[in-house]
Each structure stands twice: as structure tokens, then as C-alpha cells.
Amino acid sequence: QVQLVESGGGLVQPGGSLRLSCAASGFTFSRYHMGWYRQAPGKEREVVARITSTGGMTNYADSVKGRFTISRDNAKNTVVLQMNSLKPEDTAVYYCTRGAWGLPDYWGQGTQVTVSS
């Protein structure tokens, strides 16, 4: 069975950093593009960052460019979202997804990120 398990969320002050990790299992990880989405209170889910199956290309929402970095390790079946210079508007539940160009077909359970002083 496909499993995507996020970790690393928490409470951080504005300007701080968090590293989210997604552990994938139950499928051939290296064949799939992966992504991170988020859903803020009262808002729709939005794509934050995407990475191709090989890790050769990445794509970011304008709101996070220069602050967030997506990466993957196909030997470890993990995808990481490094978040720096966090802002209160980054507060959301963050989801790891299988598939990112086109509609994802699997989602993790989500991990809460709260940016507040």
C-alpha cells in the first residue's frame, strides 16, 4: 500500500526555519514526480513546490521562491522541503503528494506548520 508520512512540522518564529521530510513506501518512488502542498486556514490547498522523478527539475510557488527548497533522495525514498525565512502567512498544514504535475493521486496525512511570534 502507498504510504506518505510527513514529519518535521511545528511552531517557529518569523524568520526561522523548518525542515519537512516525507517518507514514501509501497511504490517505486523513483518513477514519480513528488510535491508539497499546503492548506492555510480558510483557504484552498495550493501547490508549494514540485520535483521531477529524477530530481532534475524543481518548481516553486512565487510566494516561496528563494525561501523554500525541495529535494529528494531516491535511495532513501524521501522528499524534503527545507523552509527558511518563514513568515506568518506560511502557516498551514503541509502535505506530501505523489504526483505534482497534474492532480496528485496520493496524499500524506499532513503536518502542521505554525509561524508566530
Side-chain angles (χ1 to χ4, degrees):
Q1 76 278 43
V2 173
Q3 285 189 276
L4 302 170
V5 181
E6 302 98 333
S7 62
L11 175 64
V12 66
Q13 292 185 325
S17 297
L18 283 174
R19 185 179 180 91
L20 306 184
S21 183
C22 174
S25 61
F27 65 99
T28 304
F29 181 72
S30 61
R31 293 180 182 174
Y32 289 86
H33 303 333
M34 301 292 291
W36 288 93
Y37 282 66
R38 68 185 180 189
Q39 187 168 29
K43 298 183 67 177
E44 297 293 314
R45 287 187 186 183
E46 62 175 348
V47 65
V48 176
R50 303 183 284 198
I51 189 166
T52 56
S53 59
T54 64
M57 283 192 172
T58 58
N59 176 264
Y60 300 92
D62 286 343
S63 59
V64 308
K65 276 183 179 173
R67 301 188 297 119
F68 291 11
T69 303
I70 189 171
S71 61
R72 67 191 294 159
D73 187 337
N74 284 352
K76 296 181 178 179
N77 287 13
T78 59
V79 57
V80 166
L81 186 68
Q82 177 66 47
M83 306 187 296
N84 299 325
S85 302
L86 283 161
K87 303 175 180 180
E89 51 262 46
D90 295 319
T91 296
V93 177
Y94 284 72
Y95 299 89
C96 176
T97 69
R98 188 178 84 169
W101 284 269
L103 208 64
D105 60 356
Y106 285 92
W107 298 70
Q109 82 286 352
T111 186
Q112 177 70 49
V113 171
T114 302
V115 184
S116 177
S117 59

(request) May I have all residue pairs that pass ring-ring contact (aromatic ring centres under 6.0 Å, His included) and include part of residues 37-78, sequence neighbours excluded? (result) Y37-W107
(message) Before you tell me yes or no, could you show the steps for R38 and Y95 under side-chain contact (heavy atoms from CB on, under 4.5 Å), namely the whole-Å CA-CA distance, both residues' side-chain angles and the distance that decides it to 0.1 Å?
(response) CA-CA 6 Å; R38 68 185 180 189; Y95 299 89; 5.9 Å; no
Donor-acceptor pair, [X] side chain versus [Y] backbone, under 3.5 Å?
| X | Y | result |
| --- | --- | --- |
| T54 | G56 | yes |
| H33 | S53 | yes |
| R50 | I70 | no |
| S85 | G15 | no |
| T52 | M57 | yes |

(message) Less than 4.0 angstrom from a charged side-chain N to a carboxylate O is my criterion; do K65 and D62 meet it?
(response) yes
Anything under 3.5 Å between a donor and an acceptor, one on a side chain of residues 3-14, the other on a protein residue two or more places apart or in another chain? List them.
residue	atom	partner	partner atom	Å
E6	OE1	Q109	N	3.1
E6	OE1	Q109	NE2	3.3
E6	OE1	G110	N	3.0
E6	OE2	C96	N	2.7
E6	OE2	G110	N	3.3

(message) Quick one, T91 and Q112 - any side-chain contact, counting heavy atoms below 4.5 Å?
(response) yes
(message) If you define the side chain from C-beta out and look only at heavy atoms, does anything of F29 sit under 4.5 Å from R72?
(response) yes
(message) Heavy-atom count check: over 12 atoms from other residues, nucleotides or ligands less than 6.0 Å from E44 CD?
(response) no
(request) For the pair K87 and R67, evaluate side-chain contact (heavy atoms from CB on, under 4.5 Å) and give the outcome as yes or no after the intermediate values. (result) CA-CA 10 Å; K87 303 175 180 180; R67 301 188 297 119; 3.8 Å; yes
(request) I would like to know whether V93 and T111 meet side-chain contact (heavy atoms from CB on, under 4.5 Å); could you show each step before the answer? (result) CA-CA 5 Å; V93 177; T111 186; 6.0 Å; no
For the hydrophobic clusters of this structure (ILVMFWY residues joined by side-chain heavy atoms under 4.5 Å, transitively), does one cluster hold both [X] and [Y]?
| X | Y | result |
| --- | --- | --- |
| V80 | L20 | no |
| M34 | L81 | yes |
| V79 | F27 | yes |
| Y106 | V47 | no |

(message) Other members of the hydrophobic cluster containing L103, with the 4.5 Å side-chain heavy-atom rule, please.
(response) none
(request) Using the salt bridge (charged side-chain N to carboxylate O under 4.0 Å, His left out) rule, collect all pairs that involve residues 24-35, keeping only residues at least two apart or in two chains. (result) none
(request) Just grab all the salt bridge (charged side-chain N to carboxylate O under 4.0 Å, His left out) pairs involving residues 101-115, residues at least two apart or on different chains. (result) R98-D105
(request) Name all residues meeting the salt bridge (charged side-chain N to carboxylate O under 4.0 Å, His left out) criterion together with R45; count only those two or more places apart in sequence or in a different chain, and write none if there are none. (result) none
(request) Go through the side-chain N and O atoms of S17 and N84 and say whether any donor and acceptor fall under 3.5 Å apart. (result) yes
